[in-house]
2 protein chains.
Amino acid sequence: MQRTSLGDMACSLARSLDVAGEWWTPLIVRNVWFGARRFEEIQRDLGLSRKVLADRLRTLLAEGILERRPYQEHPVRHKYRLTPKGRELMQAFFALMAWGDRWTAEVAGPPMVLCHERCGEIVHGEVTCSSCGEPLRAEETRIARGPGARVGRGSRYVEHLPAP
Amino acid sequence: MQRTSLGDMACSLARSLDVAGEWWTPLIVRNVWFGARRFEEIQRDLGLSRKVLADRLRTLLAEGILERRPYQEHPVRHKYRLTPKGRELMQAFFALMAWGDRWTAEVAGPPMVLCHERCGEIVHGEVTCSSCGEPLRAEETRIARGPGARVGRGSRYVEHLPAP
DNA sequence: ATAGTGGGTTCCCTAAAGCAACTCTCTGTT
DNA sequence: AACAGAGAGTTGCTTTAGGGAACCCACTAT
């Protein structure tokens, strides 16, 4: 497994990618979310090698993004499900899906859309500010040192930033 | 470059990952966002090989996520910047950063935090519904066939779903 | 004249992904 | 009873992608 350089683990994005950014991992999570529960099913649907799938499932279980329960004994067979941690990860992927729809969809429009059961509408994910609720645009957002920042290590940018 | 299987390009997530999901790409985008503009700077900061960086920058330019402008001639030197497409991608990464903070941060807390200049607060990205504004939780969201769905191809799930 | 810098490219080597075949334990069919 | 097939992996081999280091080229500074 490719781990990002240690110095960069300072950033939450690097840590997220480290556990959920490997090849195939987001697609596996997405497929489990929308209904694939068995090894064979995921493998057939995504067309990745069984070896890599076995590997990724191990990681996802170890990270607590997926969990599995036996659905039969002799031989024991498991079904995979998202944990709460996995469901929140999927939520972040909704934002990525929205970006893909907006910027890379083919002329025909997005092949799949999301339906939000709470409001009943066809929707997409928006990334908004946890405080004011407005869209959290990159050009209106700056980085600042957090409680876990280790001065003298990590990124050389963060050290010159105002404390929160 | 690893491209996902064609059949899966039906999904926007696969398409997003195809252009922005390669190793290092999100971290490069993040670094350009928060101030790294020159090749050397990005390379030093992330510690990736120059070859891979040159490769990723080429892809990001070709995809229109980054743009570059010469800041000197003889020899010509460029500085990289995010395009609007790139800034919106960064926005999606904010959601991933929030997930990393919530689920994988060390005991000391997140090393970096975001400051939203519009409201002046320390914030994080939330993924919300474009229609009702509520958090777009995975367990309250279903997938449905979109305008670009090609029946008979792509995922076998989407074909059994209600039309929007 | 020499060293250094910025932005790459080239070469070699290792690590990870793809592919195919194999295992093992059941279940269903003839 | 014999055989085929499914489900969930594991093992081995080949190809590809990534890391490291060296090299190049056009300047600039000392």
Side-chain angles (χ1 to χ4, degrees), chain A residues 1-9 14 17-29 31-32 35-62 66-81 156, chain B residues 1-9 14 17-29 31-32 35-62 66-81 156:
Chain A
M1 189 186 326
Q2 146 94 23
R3 297 255 149 194
T4 46
S5 64
L6 247 168
D8 202 29
M9 296 306 282
L17 293 168
D18 209 49
V19 307
E22 286 189 299
W23 288 124
W24 295 113
T25 298
L27 296 177
I28 293 168
V29 167
N31 271 38
V32 171
R37 263 170 272 275
R38 297 198 307 289
F39 185 96
E40 201 67 20
E41 207 172 350
I42 304 170
Q43 194 268 319
R44 246 199 335 268
D45 207 51
L46 290 177
L48 84 173
S49 80
R50 312 172 74 72
K51 186 177 65 163
V52 174
L53 178 55
D55 208 66
R56 293 297 181 273
L57 288 174
R58 244 191 307 274
T59 304
L60 288 167
L61 290 171
L66 296 184
E67 61 186 7
R68 63 178 192 182
R69 285 184 321 175
Y71 69 90
Q72 73 170 43
E73 309 281 343
H74 313 299
V76 69
R77 287 288 127 79
H78 299 98
K79 57 171 68 176
Y80 294 89
R81 298 190 326 170
R156 52 185 59 66
Chain B
M1 193 184 325
Q2 144 94 22
R3 297 255 149 195
T4 47
S5 64
L6 245 169
D8 201 28
M9 295 307 281
L17 293 168
D18 210 48
V19 307
E22 287 189 300
W23 287 125
W24 295 112
T25 297
L27 296 179
I28 293 168
V29 169
N31 270 39
V32 171
R37 263 171 272 275
R38 296 198 310 286
F39 186 95
E40 201 68 19
E41 207 172 352
I42 304 170
Q43 194 267 322
R44 245 199 336 266
D45 206 50
L46 289 175
L48 84 173
S49 80
R50 312 170 73 74
K51 185 179 66 166
V52 175
L53 178 56
D55 208 67
R56 292 299 181 273
L57 287 174
R58 245 191 307 273
T59 305
L60 288 167
L61 290 171
L66 295 185
E67 62 187 7
R68 62 177 193 182
R69 285 184 320 175
Y71 68 90
Q72 72 171 45
E73 309 283 341
H74 311 298
V76 68
R77 286 289 126 78
H78 298 98
K79 56 172 66 176
Y80 295 89
R81 298 192 326 172
R156 52 186 58 70

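Note on naming: letters A, B, ... go to the chains in the order of the sequence lines (proteins, then strands), and numbering restarts at 1 for each one.
- Atom CD1 in B/I28 sits roughly 12 Å away from atom P in C/dG8 (whole-Å rounding).
- OP1 or OP2 of C/dG8 has at least one side-chain nitrogen or oxygen of B/Y80 nearer than 4.0 Å.
- Each of A/L57 and B/S49 lies near DNA chain D, and the nucleotide nearest A/L57 is the one positioned closer to the 5' end.
- Partners of B/R81 by salt bridge (Lys or Arg N to Asp or Glu O under 4.0 Å), not counting sequence neighbours, listed by chain and number: B/E67.
- Rounded to an integer number of Å, the gap from CG of A/L46 to P of C/dA17 is 15 Å.
- For D/dG9, the OP1/OP2 oxygens have a side-chain nitrogen or oxygen of A/R68 closer than 4.0 Å.
- B/Q43 contributes no side-chain N or O that, together with a main-chain N or O of B/L53, makes up a donor-acceptor pair within less than 3.5 Å.
- At whole-Å resolution of the value, CG in B/L27 and P in D/dG19 are 11 Å apart.
- When rounded to the nearest whole Å, the span between CZ of B/R58 and C1' of C/dG7 equals 12 Å.
- In this structure A/R38 satisfies the side chain to side chain contact (heavy atoms under 4.5 Å, CB included) test together with A/E41, A/Y71, sequence neighbours excluded.
- A donor-acceptor distance shorter than 3.5 angstrom exists from the side chain of A/R56 to the backbone of A/W23, with no hydrogens or angles considered.
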What nitrogen or oxygen pairs link the protein and nucleotides 4-6 of chain C at under 3.5 Å?
from, atom 1, to, atom 2, distance (Å)
C/dG6, O3', B/Y71, OH, 3.4
C/dG6, N2, B/R77, NH2, 3.0
C/dG6, N3, B/R77, NH1, 3.4
C/dG6, N3, B/R77, NH2, 3.2

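- Rounded to an integer number of Å, the gap from B/D55 CG to D/dG19 C1' is 13 Å.
- Under the side chain to side chain contact (heavy atoms under 4.5 Å, CB included) rule, A/V32 has a single partner from A/L57, A/L27, A/I42, which is A/I42.
- If you measure from atom CG of A/D45 to atom P of D/dG7, you get 14 Å, rounded to the nearest angstrom.
- Taking all atoms of both residues into account, the shortest heavy-atom contact from A/A20 to A/T25 is O-CG2, 3.7 Å.
- Straight-line distance from the NZ atom of A/K51 to the P atom of D/dT14: 13 Å, rounded to whole Å.
- Here the OH atom belonging to B/Y80 is positioned 5.0 Å from the CZ atom belonging to B/R68, to the nearest 0.5 angstrom.
- For the pair A/W23 and C/dG18, the criterion of a side-chain N or O lying under 4.0 Å from OP1 or OP2 is not met.
- One can place CG of A/L48 at 17 Å from P of C/dA16, the figure rounded to the nearest angstrom.
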